[in-house]
Each structure stands twice: as structure tokens, then as C-alpha cells.
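To keep things clear, I will list the structure first and then write my remarks on it.
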Amino acid sequence: MPGGVSSPVRAFKSVNGDPIVFDRVKGPYAWDIDGNRFIDYVGSWGPAICGHSHPEVIASLQEALEKGTSFGAPCELENKLAEMVIEAVPSVEMVRFVNSGTEACMAVLRLMRAFTGRDKLIKFEGCYHGHADMFLVKAGSGVATLGLPDSPGVPRSTTSNTLTAPFNDLEAVKELFAENPDAISGVILEPIVGNAGFIPPEPGFLEGLRELTKENGALLVFDEVMTGFRISYGGAQKRFGVTPDLTTMGKVIGGGLPVGAYGGRKEIMSMVAPAGPVYQAGTLSGNPLAMTAGIKTLEILKQEGTYERLENMTTKLINGICDSAKQSGLAITGSSISGMFGFYLCEGPVRNFEEAKQADSDYFGRLHRAMLQKGIYLAPSAFEAGFTSLAHSEDDIDMTLQAFNECFNELSS
Ligand SMILES: *Cc1c(COP(=O)(O)O)cnc(C)c1O
């Protein structure tokens with residue numbers, strides 16, 4: 001296996017270590033094959049928002065398993081999850097299930113182009129939209145972590161249609177529209193960047209994009225693969241009150257099984273086959289196990305107070321981390337929204353990927369290794385957001401903060 005992993009973000013290349021092989025996960029914890037326990041802030045990169053192996057999710061999966069693993073035909077569960085997504089996510093009137101976030105983003109781009117009859121797209125530096133050709137330009141996630149150039153094997157003719165701008169920079173987007181009249185199908189973004197560390201949108205940025213796309217006859221697409229059902233029950237769009245034309249999802253809505261989805265205005269989604277001519281298909285799409293885990297996860301999230309709990313816990317965590325670092329004389333800037341957080345070892349502010357790159361990645365590597373020694377599993381990259389779950393207890397957070405405090409002291413002395 002290249003690099004010993006099935007996905008590059010799992011490798012410890014940027015923190016100078018070897019990936020840890022997990023044996024099992026439960027609640028906020030992961031155990032490696034040597035029996036060491038870690039408090040986990042990766043949460044399978046987002047899906048484990050209720051905690052790993054939530055008893056209710058496991059029980060409903062066991063029940064679903066008895067009825068078979070894949071139908072290759074419609075199942076009621078798809079309709080149920082579709083209804084839940086449509087009810088919760090403001091932009092979604094119609095939805096198509098796929099098997100990953102990558103697939104959802106690929107499909108949504110084809111749809112953007114079909115609907116507008118235009119080929120170009122605007123994305124932001126440091127944003128990650130899966131590994132499809134058209135998005136591997138100044139991409140975030142593992143591409144940023146490994147410091148890779150835009151990937152070999154991607155034809156220039158493909159990426160010549162991909163225009164990029166710095167995140168939080170409305171003027172740059174305005175210029176791209178002016179330079180490419182009637183050629184841009186739409187703007188795609190992570191409404192909160194989680195694949196270049198953690199970068200929230202500045203006030204007015206999302207609203208400005210909504211206006212600019214409208215003025216230019218282009219579509220606005222929120223890639224909520226990471227933020228969907230994590231930032232609020234209706235995603236970042238609900239929290240910020242800005243409704244895009246199309247939305248991609250994944251991670252949380254699969255409850256730990258492989259799922260992606262894309263949806264949006266009926267007028268656009270009706271173009272997807274077989275309702276319309278835009279082709280997209282999948283052998284295992286909407287399979288009963290993934291739908292079951294997704295439905296149960298959303299049911300748990302919908303309960304009163306879940307997002308408040310996530311938000312309070314995560315705020316306490318990030319404030320504690322930043323206070324500790326500052327006491328050790330370190331430059332740090334960090335923030336969180338709901339159950340998502342991130343910090344950069346630099347003065348800040350960090351408003352885009354260029355500013356994120358100023359952070360001390362060497363120190364981050366040392367911090368990462370020291371935290372592992374103390375049983376805390378952070379994403380092995382300075383360019384990935386952290387995730388909390390409903391299973392993290394007050395004690396877990398306190399233990400984590402104590403570990404940060406000790407590590408900052410040890411590393412700075
Ligand atoms: C994880 C992620 C993807 C890709 O999803 P996969 O399921 O890994 O293919 C796309 N966009 C965003 C914002 C993501 O965080």
C-alpha cells in the first residue's frame with residue numbers, strides 16, 4: 001500500500017512519525033493494536049460526531065444487517081434520510097445519495113456546468129473538494145499537508161477551467177467574474193474551511209458570494225461534506241443564514257459508513273438522470289446500511305441541546321489550548337464553531353491559506369508527538385481541523401487540556 005495507508009491524511013509524514021494502527025474505537029476513544037488508548041479528536045475525520053460506535057447506531061445497524069447489505073433497488077431508508085436532509089438543510093429541495101464526498105463534489109460540478117452551460121469554476125486556495133481532477137488546484141487536506149504541487153496526471157486542459165481566489169477575499173472573486181464574463185458556472189467553497197486548518201468566514205463573505213454569483217448568473221455551491229450536520233442541524237448555511245443553490249454532504253450523514261450526497265434547488269436537481277440528462281450513477285449508492293447509520297446519527301443529533309453541548313465543550317477546549325500556549329510564551333491563534341476547532345502556531349489573524357502557512361509546522365510536529373505520548377490523538381497535520389463529539393466528557397477535555405499544558409511547558413523549556 002503506498003505509504004502504508006489507504007488515504008494520505010492518515011500518514012504521519014508531516015509530523016515525522018509513523019501512522020498508528022487502530023484496533024477499535026468507542027465513544028471518544030481509540031485503541032491501537034498494542035492496547036494504548038487515545039482520546040480521539042479526529043473522529044474518523046468528522047463522521048463520529050455522536051462518538052464512535054454509538055450503541056444506538058450499532059443496534060440499528062445490526063437490525064438492518066439482517067435484511068441484507070445491498071439491494072441495488074430502492075429502499076425505504078433512502079426516502080427517510082432524504083426527507084430528513086431536505087427538512088433540515090435550507091438549500092436542499094431534492095437530494096441524490098452517493099458513496100463519498102469526492103463523488104458528491106464531482107457530480108455537483110457536472111451539474112453546475114450543465115445547468116449554466118458554462119465550463120469554468122471558482123474555488124478557494126486551501127479548500128478541499130475531494131480528489132477529482134478539476135479540484136486538485138491549490139487544494140487543501142493531504143495535498144496541503146504534504147506540500148504537493150497540483151497533482152501530476154491531471155490534464156492542464158482540465159484545470160484550465162479551475163480559477164482560484166484566496167478565502168475571505170471578495171475583491172478577488174469580483175475580479176475573476178469581471179475577467180471571465182459569462183464563463184463561470186459557479187463558486188464552490190467550504191463555508192468554514194476545515195482542510196487548511198480551521199478558517200471561519202469573515203462577516204459578509206458568504207453574503208457577498210451569494211450576491212456576486214446571483215449578479216453573474218452563476219451558482220453558489222457550499223461543500224458541506226465536513227460542516228453538514230456538524231455546525232448545526234442544518235449545516236453552516238443554517239447557522240450563517242446564507243442559502244446556496246447546491247450543497248454537497250458526506251461524513252456525518254453516513255454515521256461512519258461510506259456516504260456522500262448532493263442536493264439543492266429542484267429546478268437544478270431535476271436535471272440529474274433519470275429525471276434529466278445529467279448522468280451520475282452508483283452500484284452501492286443509498287445502500288441500506290449507510291442509510292441506517294445516517295438516519296440514526298441524525299436522530300441523535302436532532303435531540304434538544306446537542307449542538308449547545310458541542311459548542312460549549314469545544315469553546316472550553318480551544319480557549320484552554322490557547323491560554324496554555326500563551327502562558328508558555330508561544331504565538332498562537334485558535335477558534336472553534338460548534339464541534340469543530342483549530343489553532344495555528346503563529347500570531348494571526350489567519351484568514352486564508354497563505355496566512356495559515358505562516359504557522360510553525362516544525363513545532364506542531366513536536367507537539368503532535370508529545371501529545372500522542374500522553375494519549376491524545378490529534379490530526380497528524382497542521383492543516384486539518386479538529387473534531388469533538390457528544391461522547392467527549394468534561395473529564396476528557398480536562399485531561400486533554402492538562403496534556404497540552406504539560407507539552408507546551410516541556411517543549412518550550
Ligand atoms: C472530506 C471532504 C471531502 C471528500 O470526501 P471523501 O468522502 O473523503 O471523498 C470533500 N469536501 C470536503 C469539504 C471534505 O471535508
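Every number for a ligand or one of its atoms is a count from 1 in the order of the listing.
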Indicate whether any N or O donor in one side chain lies under 3.5 Å from an N or O acceptor in the other, for [X] and [Y].
X: Gln280; Y: Tyr262; value: yes
X: Gln303; Y: Thr306; value: no
X: Ser91; Y: Gln237; value: yes
X: Glu190; Y: Asn195; value: yes
X: Asp396; Y: Ser393; value: yes
X: Ser285; Y: Asn99; value: yes

Task: Structural part of Thr248 in contact with ligand 1, heavy atom criterion under 4.0 angstrom - done: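 Looking at Thr248 and ligand 1, no heavy atom falls under 4.0 Å.
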
- [ ] Report the part of Glu224 (side chain from C-beta onward, or backbone N, CA, C, O) that has a heavy atom under 4.0 Å from ligand 1; answer both or neither where that applies.
- [x] neither

In terms of atom number and element, which parts of ligand 1 are under 4.0 angstrom from non-hydrogen atoms of [X]?
X: Met226; result: 15 (O)
X: Glu190; result: 13 (C)
X: Asp223; result: 10 (C), 11 (N), 12 (C), 13 (C)
X: Gly101; result: 4 (C), 5 (O), 6 (P), 7 (O), 9 (O)
X: Ser100; result: 7 (O), 9 (O)

TODO: Pick whichever of His129, Glu103, Lys251, Met249 has a heavy atom sitting closest to atom 1 (C) of ligand 1.
DONE: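 Looking at heavy atoms only, Lys251 sits closest to atom 1 (C) of ligand 1.
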
Task: Closest protein heavy atom (residue, atom, distance) for atom 8 (O) of ligand 1 - done: Thr102 OG1, 4.5 Å

Open item on the list: How far is atom 3 (C) of ligand 1 from the closest protein heavy atom, and which atom is that?
Closed with: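 Ranking protein heavy atoms by distance from atom 3 (C) of ligand 1, first comes Val225 CG1, 3.7 Å.
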
TODO: Decide if atom NZ of Lys357 counts as having more than 12 heavy atoms of other residues, nucleotides or ligands within a radius under 6.0 Å.
DONE: yes

- [ ] Determine whether any heavy atom of His131 lies closer than 4.0 Å to an atom of ligand 1.
- [x] no

Task: ring pair (Phe, Tyr, Trp, His ring centres under 6.0 Å), paired with Tyr377, selected from Tyr29, Tyr41, Phe22 - done: Phe22

